[in-house]
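Order of appearance sets the numbers: ligands from 1, and atoms from 1 within every ligand.
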Amino acid sequence: MAKKQFKAESKRLLDMMINSIYTHQEIFLRELISNASDAIDKLAYLALTDQNVGMSREDFAIDLRADKKLGLLTVSDNGIGMSRDEMEQNLGTIARSGSLQFKQELDKDQTDVDIIGQFGVGFYAAFMVADTVTVLSKKYGETEAWMWQSSGADGYTVSPCEKTTVGTEVILKLKADSDDEKFSRFLEQYELQNLVKKYSDYIRYPIRMEMEKSRRKEVPEEEKDADKEPEWETYTELTTLNSMVPVWQKAKKDVSDEEYDGFYKDKFFDYEKPLAHIPVSVEGAVTYKALLYIPAKAPYDFYTKDYKKGLQLYSSGVMIMEHCEDLIPDHFRFVRGVVDTADLSLNISRELLQHNRQLSIISANLEKKIKQELLNMQKDRREDYEKFFAAFGRQLKYGVVADYGMHKDALQDLLLFWSAKEQKLVTLKEYVDAMPEAQKHIYFAAGESNARLAQLPQYQRLQEKGFDVLFMTEDVDEFVPRTLMNYAEKDFRNLATDDLDLSSEEEKKAAEAAAADWKDGLDFIKTSLDGKIVRAEVSADLGSHPVCLVPGGGMSFEMEKYFKRMNPDMPIPMEKVLQLNPEHPVVQKLRTLIAEDPEKAKQYAQVLYAQGLILADLPIEDAQAYTDLICGLL
Ligand code: ADP
Ligand code: MG
């Protein structure tokens, strides 16, 4: 029988399959099963209008059969089947099939095998694992059956064959095992079962296989002997491997919370039940279903590069991608879940997928749903929300800061900060709503711990005024107000670096006058400190404290420390400004000493500077000299 040749582009794809060093060989099974499912869809559809088909939904099935002796794996279906012409057209030409898009990728002269990624390449995937592929098929309504056979790139044959039932049987003669490739694993029942679970669990028809099982041997009553070990026997049973109906395809009202949670735990290997599940069903420009989860805890690798974000992407019940990153924005990368849409071809390539308009529509829509769910949780289940925030708040803050603050408006209402006044976490809205009339700004302080921050003289001053302060103790925190700039038209003021705008006009004038009046004194203090500060100044914001150290550059001490930690060799100038409270008795004493006893005044200046260091949580440069100094004065 004469061999027919594959069309040129088919041949190229075939070559790639045959010589593939491709790591996702196992997807061949998914491809064959989904073809079988498509063929059944067609006949099932026909049966709706054509009495003669004589089949109902329950009659359809896909069967797997493994013959270890002969090294054969068979996938058969009772779907529509193929005529002789269809076999030639559909199996001989890649352009006919849904692999068209893949072919277009190939035409761009893309030789890198990796473009296949995890995506399907259709029927030809069979050649990744098989030397010879034989397809027996009988088309519904025809009397003859046909056999298509190919051992790869050298062509294929089509000939008549015996087949009594309508449908298709694809028989793979698996490649021989080599040192690195054990093709025979595709004959093991547990391997096949796992692959079906992994890729084809939600195919709507049963995928069945004779499974070998074992059971206790039945022993007749009279032969029973308590001392004898029970005997086991093996038997085979036709077993359905897939669960068929995916949870996300069911109506929300038909699924209990337990079922939603159970699905999450199974699918995403989490022991803890999720804080929320979000079922989504959309019909419109893009029709899809999704089921999203908000985990209760961050996976151990969440804040590392090992963590893989993304949702599982299904096309009509068939998984085409395990971590589709484009479906979820980075700031919500903790969300787990699945998206299923019939609008994507199974054979779409990774590159095409990246620029896929449908995906961006889905992703934008899911982002809104997630945000809404989080806001609801924040409002109605505060405790859960705080748990969520403890796990993923840092990610949200990164999200605010990332991409030049592009997402800040979307994320700002999801943030929580520690309120010094309320002694609990509050949202920015709660903070602003609680602001007294006289308060014009949102005050925050960044540092190592709440206890430390509570020591800040500026904080005590604000406290006296009845103004709340947000305490920020995480690395990323201080960048958040810098990025947000303001909230509800109130700007953020950093206790450590910004003008707190607390004094009345008169007070300000008085301070200015005092400073002018005391210019020589301030210069004296600067000189006494040997270049440790860039200037000394008078401040009306210090409450009952004599002094305070503030950074001279735009960066707070906390931020400087953060950068130093990140990069210890980076020379960061810690420019310091010493602020003095002219009302404080010690400062007033210093003033008189400058005139009367400059030597003592110098010591006073040094002690006050050291106090500033302590309050700012900065190290005392020379602890020995400092203690000597204090003892001397005492
Ligand atoms: P796709 O499934 O995207 O169309 P494939 O390469 O997987 O591409 O399959 C090519 C074509 O071969 C299918 O479109 C279908 O017409 C035909 N085909 C493959 N397997 C079967 C089958 N089991 N029953 C009937 N037709 C099939
Ligand atoms: Mg297919």
(message) Under 2.8 Å from the Mg ion (ligand 2), can any N, O or S atom of S34 be found?
(response) no
(message) Just to be sure I read this right, does ligand 1 sit under 4.0 Å from the backbone of V135, its side chain, both, or neither, counting only heavy atoms?
(response) neither
(message) Test of understanding: given a 4.0 Å heavy-atom threshold, classify the contact between D77 and ligand 1 as side chain, backbone, both, or neither.
(response) side chain
(message) Could you check whether Y260 and F263 have their ring centres less than 6.0 Å apart?
(response) no
(message) Would you say the rings of W148 and F123 are close, in the sense that their centroids are separated by under 6.0 Å?
(response) yes
(message) Would you call the rings of F334 and F392 parallel, tilted or perpendicular, taking 30° and 60° as the class edges?
(response) parallel
(message) Could you check whether any heavy atom of M82 sits closer than 4.0 Å to an atom of ligand 1, since that is the contact criterion I want to use?
(response) yes
For [X] and ligand 1, does the shortest N/O to N/O distance drop below 3.5 Å?
{"X": "N35", "value": "yes"}
{"X": "N90", "value": "yes"}
{"X": "A39", "value": "no"}

(request) Give a yes or no on whether the backbone of D413 and the side-chain of Q378 come within a donor-acceptor separation of less than 3.5 Å. (result) yes
(message) Is there a side-chain contact between K4 and E88 in this structure, where contact means two heavy atoms from C-beta onward sitting under 4.5 Å apart?
(response) yes
(request) Give me the one residue out of R208, K213, R215 that meets salt bridge (Lys or Arg N to Asp or Glu O under 4.0 Å) with E237. (result) K213
(request) Output the list of atoms in ligand 1 that are nearer than 4.0 Å to some heavy atom of L91, sorted by atom number. (result) 12 (O)
